[in-house]
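See below for the structure under consideration.
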Amino acid sequence: MSDELQVQTPTGLQVQGSPTFQQTGSGNTQIGYIGQQINHITMGGMPQIIRPANPNHEYYNLFVIDQEQMDSLVAIPRHQSLNAFTAEEVRKIYALPGLAAAEEIKRLPSLFVIRNRFGNHTTPDQCAGYGYIVDIRQKSDTIIVTASISHVIRQEKLNALESELQLLRAPENNELDSVHWAIKRVNLPQLIQEKKLIEIMDML
């Protein structure tokens, strides 16, 4: 088995429409479309879910972190951000100086993953988060991301989809065992639906 996975060449960004304002709601849920973001608020003490009004499903963000549990703040060393885990063609689009492409990056769906516990697999109870980036900034040599996580996915289901998620891999480990931030050219919401990775697939 090769030590690396060849990543497909992307075609570029598709920017959709202009900002709109629309507000709907029923029962305990209110969804307000404000500018380029959607604020999805479920009442009764549940966290606020934020997603872009015009998401770009052509690519997705992958954040792999090294901590005990997932929360809304993710920190990745700059030298481990958009490096060899991201195809060169994708880096040309998104890895611009000073996070110049931050607004476009925030349109991409994201996986927030805690490192695998055993190389290319982990324990059955370990979960990854699915959602979007609310804020992204660089502080010294660290990229700090504020995440809005709307769904959880069993991480072993992700480990079983190395090719589909374009994860680099070797015989004993894969990309989910390395702390980094990468961008892949995969329609993540479509893959989630096809593979039934989560039970409730609204607001992907």
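Please read these numbers as outputs of a predicted model, since none were measured by experiment.
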Shortest non-hydrogen contact between R185 and Q166, atoms and distance: O-NE2, 3.3 Å

Distance check, rounded to the nearest 0.5 Å: [X] atom [atom1] versus [Y] atom [atom2]?
X: I133; Y: I105; atom1: CD1; atom2: CD1; answer: 6.5 Å
X: Q193; Y: Q190; atom1: CD; atom2: CD; answer: 7.5 Å
X: Y59; Y: S110; atom1: OH; atom2: OG; answer: 14.5 Å

Step through the shown structure and confirm whether more than 12 heavy atoms of other residues, nucleotides or ligands are within 6.0 Å of CG on D125.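 Counting other residues, nucleotides and ligands, CG of D125 exceeds 12 neighbours.
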
Using a strict threshold of under 4.0 Å (side-chain N to carboxylate O), is an ion pair present between K92 and E89?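 No, this pair does not count.
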
For residues 62-73, dump all side-chain donor-acceptor pairs below 3.5 Å to protein atoms at least two apart in sequence or in another chain.
{"residue": "Q67", "atom": "NE2", "partner": "Q69", "partner atom": "O", "Å": "2.5"}
{"residue": "D71", "atom": "OD1", "partner": "L73", "partner atom": "N", "Å": "3.0"}

Between T142 (side chain) and Q138 (backbone), is there a donor-acceptor pair under 3.5 Å? no

For residues [X] and [Y], determine if any side-chain heavy atom of one lies less than 4.5 Å from a side-chain heavy atom of the other.
X: Y60; Y: I192; result: no
X: T86; Y: Y94; result: no
X: R107; Y: N54; result: yes
X: E156; Y: Q126; result: no
X: K106; Y: V134; result: no
X: T122; Y: I114; result: no

Do V152 and L165 share a hydrophobic cluster, counting only Ile, Leu, Val, Met, Phe, Trp and Tyr and linking them when any side-chain heavy atoms are less than 4.5 Å apart?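 Per the 4.5 Å side-chain linkage, V152 and L165 are not co-clustered.
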
Please tabulate, one pair per line, all N/O donor-acceptor pairs under 3.5 Å involving side-chain atoms of residues 170-180, not counting sequence neighbours.
{"residue": "N174", "atom": "OD1", "partner": "N116", "partner atom": "ND2", "Å": "3.2"}
{"residue": "N174", "atom": "OD1", "partner": "L176", "partner atom": "N", "Å": "2.8"}
{"residue": "N174", "atom": "ND2", "partner": "N159", "partner atom": "OD1", "Å": "3.1"}
{"residue": "N174", "atom": "ND2", "partner": "E162", "partner atom": "OE2", "Å": "2.9"}
{"residue": "E175", "atom": "OE1", "partner": "L168", "partner atom": "N", "Å": "2.8"}
{"residue": "E175", "atom": "OE1", "partner": "K184", "partner atom": "NZ", "Å": "2.9"}
{"residue": "E175", "atom": "OE2", "partner": "H180", "partner atom": "NE2", "Å": "2.8"}
{"residue": "E175", "atom": "OE2", "partner": "K184", "partner atom": "NZ", "Å": "3.0"}
{"residue": "D177", "atom": "OD1", "partner": "R115", "partner atom": "NH2", "Å": "3.2"}
{"residue": "H180", "atom": "ND1", "partner": "S178", "partner atom": "O", "Å": "2.5"}

Establish, from distance only, whether the side-chain atoms of T123 and R117 form a donor-acceptor pair under 3.5 Å. yes

